[in-house]
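In this text, all values refer to a predicted model and were calculated from it rather than measured experimentally. Throughout, protein chains are lettered first and strands after them, A, B, ... in sequence-line order, and every chain is numbered starting at 1.
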There are 2 protein chains.
Amino acid sequence: MVDNVKQVTLRDISELTGFSINTVSRALNDKEEVREGTRAKILAAAHKLGYRPNRLAKGLRSSKTGTIGVVVTDVANPFFSALVKGIARAARDLDYSIILQDSDEDYAGEEEAINVLLSEQVDGILITPVQSGKQTIERLSESQFPFVLVGRYFQELDTNYVVPDDYLGGFMVTEHLLQQGYKRLAMVNGPLHISSARERFQGFSDALMKYGVPLDESLVVNGALTVEEGIELSRPILKGATRPSAVVCYSDFVAFGVMQAVREIGLSIPDDTAVVGFDDVRMSSCLQVPLTTIRSPKEELGRQAMQLLVDRLEKNHNAGETDKRKLAVELVPRESSLVKGK
Amino acid sequence: MVDNVKQVTLRDISELTGFSINTVSRALNDKEEVREGTRAKILAAAHKLGYRPNRLAKGLRSSKTGTIGVVVTDVANPFFSALVKGIARAARDLDYSIILQDSDEDYAGEEEAINVLLSEQVDGILITPVQSGKQTIERLSESQFPFVLVGRYFQELDTNYVVPDDYLGGFMVTEHLLQQGYKRLAMVNGPLHISSARERFQGFSDALMKYGVPLDESLVVNGALTVEEGIELSRPILKGATRPSAVVCYSDFVAFGVMQAVREIGLSIPDDTAVVGFDDVRMSSCLQVPLTTIRSPKEELGRQAMQLLVDRLEKNHNAGETDKRKLAVELVPRESSLVKGK
DNA sequence: AACGTTCCTGGTAACGTTACCAGTATAGCT
DNA sequence: AGCTATACTGGTAACGTTACCAGGAACGTT
C-alpha cells in the first residue's frame, strides 16, 4: 500500500511500542536476538504506521545503498532499452534500485555520468562504454570500484563483462549468405572503436576466408550507427562499379537504412541484393520483407550483468578474478536473404 | 575526471586547509559569507583531493536528494524509451538523477515501484500510470507528494500531467482517411482503461460524426498493445462480412501487426486496406510501405514533465494549482494511407 | 578610546540508521 | 541460596553533511 508519505522513523515505532530504537531496528532487520513476541509487536506497529526505511540513512550508516548505477549510450535505441529492461527486472528481483544515466554516445558524457553515480554512492556500476576513449574505464578499474561492462568491452582491459558473441554472430550471418550462394558481400559496419563492430567484422572476414571468397575492401565501410548513416554510407557502395549481391549491416537499424537505399536505386530485396542485420530488434520481423538477423539475448545480457555485479558485491565472490561472458547468439533467417525457390 | 573512488569528505579538506568543516561546506556551496581567498584555497584542495559530495549525507541532512523517481510501464517499448530519453536529458541539464522503475504494465508492480521510490527518498516522481486501477495515484495525490503523470492521465483526477493531445490525434488521422476517400473505417484500439485509448477513440468517433459517416461498432475492437495482439484482434475484422477499407490503430506497434494480418489475407496496402498508426516510432518511416501515423513529441513529453516537476520542487511554483498540459501532435501522412494517383 | 557594526569563522547539534558494548533479568546449575 | 550462562534489551557513537548560533577580528564612527 502506498500509505501516507511523510517519513515514519524507527523513533516513531519505538515510541509507539515502548521498545528502544535499537530493538526496533533489530526486529525489522530479522536479527536473531529479539524475542518473538517483541518482534511481532514491532512488526505490527511498523505496519500500522506504514514504516518505510529511509535508504539514505541506511546507506550513510552502512555504506551499502542497494543502488546500482547504469550508464547506456542511448536509451532510445531498442537494443539498449531491451538491455535496460533486463537490468530493471533483475534489479527488482534482487531488491536493488537503479540510477539511469544516458551518455548520448559521448565520451565526456560518460565520464560525467560516472562521476554523478559515484557521488550518489551507488554500490556498483553497469555500463555500456562509449569506447571512443578508455581512460574512464581504466580509472574505474584501477580504483577497484565494482563494475561490469555490458554489450561492449575492451579486449585489452581485464574487466568483468557480459557481451553477445559478436564474432560468432558476424561469422554465422556471413556463412549463411555464402551458403545461400551470395558471393559479392559488402559490409556496412559501425564505428571501429566499438568492440562489437570490430568483432563482427572479424567474423565476417574469417567466414569469407573459410569459403575462399576474397575480401573486397572497397565494399567495406565503417561508422554507421543510425538509419540515416545506413542510407548515406551504403549509397556509394550500391552505386559503385562492383555492386554487392548482399550487404551485412552493423545493426538492424543500419539495415533499415540500407534497405531504403537499395529500394531507392530500384533494386529488389533479396533478389538483387540481400540485406542482413544484427540484434533482432522487435520490428525486424514485421517488415514486408522480414529481415534476416542475428538475435542477441538483449534482456538476458542485462539480467546476467546485474546478477554478476550483485554476486560480486554480496558474496565477494572470487573478487580477484574477473568474469568474462560471451552469450550465445542465434541466426534468424528471414526473407531478406533467402534465395527464391530455396 | 574519474579520480580515485574512495570517499573524500569535507573533513579531509578541512584537515588539508586548516579551515573548519563548516567553512569548507560553505565555500563549496557558494554561500556568500566566505572570504574569497579562503574559498579559493578550499576549492583548490577539493579539486586536488578529488572531492565528490556524498549525496546520501546531503540528502539525509537537507531532505532534498536531487533524485527523481521514474516509473514507466515498459522501457523496452520505443514510445516509453523515448520518453525516458527526454527525462534523462532534462535531468542531466537540471542536475538531478533519476531512479528508474519498470512496472511491466502491472498494477501491483506500479504500487511496489512507488513504495521503493519513496523509500529512496526521491524528491518527486514521474509516472506513466498503468491505469488498471487508480488508488495508487489517488493516494499519492492525497499525500501531497510531488508527482507528474506522463503520457497517460486520469480525467477524473486533479493532478499534474503532460500528455500528447490524443483526442486531436485520433480526430486528425481519421479525418485524413475520410478526406482520402476511405469510408469503411475500423479501429483496433488499446485497452480502454488507458486514457490515450479512450481519447483516441473519441477523436475517431467525433471525426466520423463530423463527416456524417456512421460508426460501425462491429469494426471496433479494444485491448491491443503489442504486434501480436494487433494481428490477432484485427483478423476477425478483416475477414468479416463488411471488410474495412482502412484501419486506425492504437499504436505503430499494433499497426505493424495489422499490416501483417492484412498481407496474410492477401490484401495490399493501401490499395485494399489503408493502415494508420500512432506515435511515429523511428522505424515506421523505414517500412517498404511507410506508415502514416500521428507523431507525438515523445522526448518533449519527458522533458516538459521533468521541468514541470522540478519547477514545483524548487520554486514552490503555484503549488496549489495543478498544471495540465496537452502537447500538440502532428499528422505524418505516408504511403500506407495514400490513395493511388493522389 | 570606547563603541557598534560588519565580516568571517568555528562549535554544536541534528537528519535516520546501525554497530558495538554494556546492562539486566531469567533460567539452569551446584 | 548463590553462582554463572544465556537471552534479550538499551545507551552511545558514528556515517557526512548542513543549519543555527556564537565568537572574534577588523573597521569606521563619535
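Contact check for B/P146 versus B/L309: side-chain heavy atoms found under the 4.5 Å cut-off. Counting heavy atoms from C-beta outward, A/L301 and A/F79 have side chains that approach closer than 4.5 Å. Within the 4.5 Å cutoff, the side chain of A/P164 has no heavy atoms near those of the A/S196 side chain. Contact check for A/M306 versus A/I68: side-chain heavy atoms found under the 4.5 Å cut-off.
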Between the protein and nucleotides 15-19 of chain C, are there any N/O to N/O pairs under 3.5 Å, and if so, what are the atom names and distances?
unit_1 : atom_1 : unit_2 : atom_2 : d
C/dC15 : O2     : B/R61  : N      : 3.3
C/dG16 : N2     : A/A57  : O      : 3.4
C/dT17 : OP1    : A/Y51  : OH     : 2.5
C/dT17 : OP1    : A/N54  : N      : 3.4
C/dT17 : OP2    : A/L10  : N      : 2.7
C/dT18 : OP1    : A/N29  : ND2    : 3.2
C/dT18 : OP2    : A/S25  : OG     : 2.6
C/dT18 : OP2    : A/N29  : ND2    : 3.3
C/dT18 : O2     : A/R61  : NH1    : 2.5
C/dA19 : N6     : A/N22  : OD1    : 2.7

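Between the side chains of B/D158 and B/T322, at least one donor N or O sits under 3.5 Å from an acceptor N or O. Counted by atom type alone, A/E120 and B/S97 present one or more donor-acceptor pairs between their side chains at under 3.5 Å.
Contact annotation for B/S63: no contact, since no heavy-atom pair falls under 4.0 Å across all strands. Using a 4.0 Å heavy-atom distance criterion, A/G37 is classed as making no nucleic acid contact.
Residue A/I42 contributes atom CD1, which lies 11 Å from atom C1' of D/dC8 at whole-angstrom precision. Note: CZ (A/R35) to P (C/dT26) measures 9 Å, nearest angstrom.
Distances shown here put every side-chain N or O of B/T23 at or beyond 4.0 Å from the OP1 or OP2 atom of C/dC8. For the OP1/OP2 pair of D/dG10 and a distance below 4.0 Å, the side-chain nitrogens and oxygens of A/S20 include at least one atom meeting the criterion.
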